[in-house]
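Notes to accompany the following structure.
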2 protein chains.
Amino acid sequence: MTEFDQLFKALNITEKSLQEKILKVGIVQTVPKNSFIIEQERYIKWLALVITGKVRVWQENEDRQILLYYVNPVHTCVLSLSATFRDCKSLVNAKTEEETIIVKIPVRYVTEWSFEYKSWNNFTTNSFIFSYEDLLHSYKNLAFSKIDKRLLDYLQSESKTNQTSFINLSHNQLAKEIGTTREVISKILKQFELSGIVNLKFKEIELL
Amino acid sequence: MTEFDQLFKALNITEKSLQEKILKVGIVQTVPKNSFIIEQERYIKWLALVITGKVRVWQENEDRQILLYYVNPVHTCVLSLSATFRDCKSLVNAKTEEETIIVKIPVRYVTEWSFEYKSWNNFTTNSFIFSYEDLLHSYKNLAFSKIDKRLLDYLQSESKTNQTSFINLSHNQLAKEIGTTREVISKILKQFELSGIVNLKFKEIELL
DNA sequence: TCTTACCTGTATCAAAAGGTACAGGTTTAA
DNA sequence: TTAAACCTGTACCTTTTGATACAGGTAAGA
């Protein structure tokens, strides 16, 4: 199964003529680990769809970062999507966390197809909806939850998505997900350990 | 000019057949000040479009609130929009701040039309895009800015949208916009006054 | 007029989060 | 094997934010 077939299947693209167009203008690209897909303040020329791998999308300040979301197979970064509808600079950064295969579509087709093909329309609409709700959820968390709660939520959701109770991230990496500093994470993790919620090892956190 | 005409004009709806459909299924409703349009955890049956007036959309916890956005003429609440695409409970509250005239469209048509009519498609897509970017902006602010900065930003943007340097809100109301408590707002405003940034009167803040 | 509800200012204390500093562990690659 | 880069733990202090409490002002309606 080619990358395109995977794409068609995942997005439910059954229209033959759309498939042909995608085959014609889409570009399959293998992006090595830790490469930037988008950088804050730069223009977006392609819509990138992740076929395999994982892309981290975040925002940053001078000295802090905060995670927005991960793009997993087979999804797209909603912000490139949004950017494709109007020529503008990216508000975020996106970087591969593993070797990642993407399909790139030039932005001009994205809008066109969304009115022409039902499946493409569904894809774009759903991307917006789910991303919006996801961001809304993060916003609420940020507004109302203390850091310890947010950290625990993060660990639990990591554990769940990776099907393992071991989380292999440094305190520094966690700080950049949550939007705080390393020391704060270390302190809270230590409290968690004393409360019997986790086991701490070097670069490894076990959820109990 | 009827409410519908205003709607057609604002959303650039030129297709005659869509206009007819909207006239047929749309309902014009005058909602008094301080009425709920949507409540958290309740199902959404209509897409509401604000023709005149103002609707506040927020999230709340047990004891706190935080503003999401205002819906002004002629826009819609993106969250009702998102909800119309999939049957689900509302994640937010929406309440009129003034007497407000809305046009209600039953949810089932919203999706249908978005594929059938270019103008409607643009409307829904643009709503998603702008709302997403707006929320993203708020998220970044919340993550990286202290309360004083956020308060000042809020005051300045209020002043700008209302074309006046006087903001007639109580400290309590401000606290609910920013997501903090009244005392914190009072303290910061007092600092602002000492720094010569504002003048404080009863229920009135003048930006200098 | 009086009551009631809401508004503002402020002092004090407590908790949450961040900054600085340092000691020592682990990994990697030269 | 050694240096460099990164990791963890922790102590101490500061700033930010929140909670509690109280005094007194303002507005609106009975």
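In the text below, chain A, chain B and the rest are named by the order of the sequence lines, each starting its count at 1.
Dashed line: the shortest gap from a side-chain N or O of A:Ser186 to OP1 or OP2 of D:dT8 is not under 4.0 Å. Applying the 4.0 Å criterion to OP1 and OP2 of C:dA17, one finds that A:Arg64 has every side-chain N and O outside that range. The phosphate of D:dG18 (OP1 or OP2) has a side-chain N or O of B:Thr180 nearer than 4.0 angstrom.
Atoms CD1 (A:Ile185) and C1' (D:dT10) sit 16 Å apart, rounded to a whole Å. Rounded to whole Å, atom P of D:dG9 lies 13 Å from atom NZ of A:Lys201. Taking atom CD of residue A:Gln173 and atom C1' of nucleotide D:dT8, one finds them 14 Å apart after rounding to whole Å. Rounded to an integer number of Å, the gap from CG of A:Leu174 to P of D:dC6 is 17 Å. Straight-line distance from the CD1 atom of B:Ile188 to the C1' atom of C:dT10: 15 Å, rounded to whole Å. B:Glu204 has its CD atom 13 Å from the P atom of C:dG9, to the nearest Å. What separates CG of B:Leu194 from C1' of C:dT10 is a distance of 12 Å, to the nearest Å.
The ring-ring contact (aromatic ring centres under 6.0 Å, His included) search around A:Tyr109 returns A:Trp113, not counting sequence neighbours. Annotation: salt bridge (charged side-chain N to carboxylate O under 4.0 Å, His left out) contacts of A:Lys54 (sequence neighbours excluded): none. Residues passing the salt bridge (charged side-chain N to carboxylate O under 4.0 Å, His left out) test with B:Glu158, sequence neighbours excluded: none.
Checking B:Glu133 against A:Ser82 by side-chain atom types alone, a donor-acceptor pair falls below 3.5 Å. Judged by distance alone, the side chains of B:Gln59 and B:Arg64 never bring a donor and an acceptor atom under 3.5 Å apart.
B:Gln156 is not listed as a side-chain neighbour of B:Tyr154, based on a closest heavy-atom distance of 4.5 Å or more.
Against DNA chain C, the stretch residues 146-155 of chain A makes heavy-atom approaches under 4.0 Å through A:Lys146, A:Ile147.
Here A:Asp153 pairs with A:Lys149 in a salt bridge; the nearest charged N to carboxylate O distance falls below 4.0 Å. In this structure, B:Lys176 does not pair ionically with B:Glu60, as no charged nitrogen and carboxylate oxygen lie closer than 4.0 Å.
Axis angle across the helix from C:dT1-D:dA30 to C:dA30-D:dT1, with five pairs used at each end and values rounded to 10°: 30°.
Enclosure of atom NE2 in B:His171 by more than 12 non-hydrogen atoms of other residues, nucleotides or ligands within 6.0 angstrom is indicated.
Using cut-offs of 30° and 60° on the angle between ring planes, the pair B:Tyr132 and A:Tyr132 is perpendicular.
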Task: Base versus backbone protein contacts along nucleotides 21-30 of chain C [heavy-atom cut-off under 4.0 Å; B, S, -] - done: -----SS---
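Residue-level contact check: B:Lys203 touches the backbone only, with heavy atoms under 4.0 Å from sugar-phosphate atoms and none from bases.
At distances below 3.5 Å, at least one donor-acceptor pair connects side-chain atoms of B:Thr96 with backbone N or O atoms of B:Pro32.
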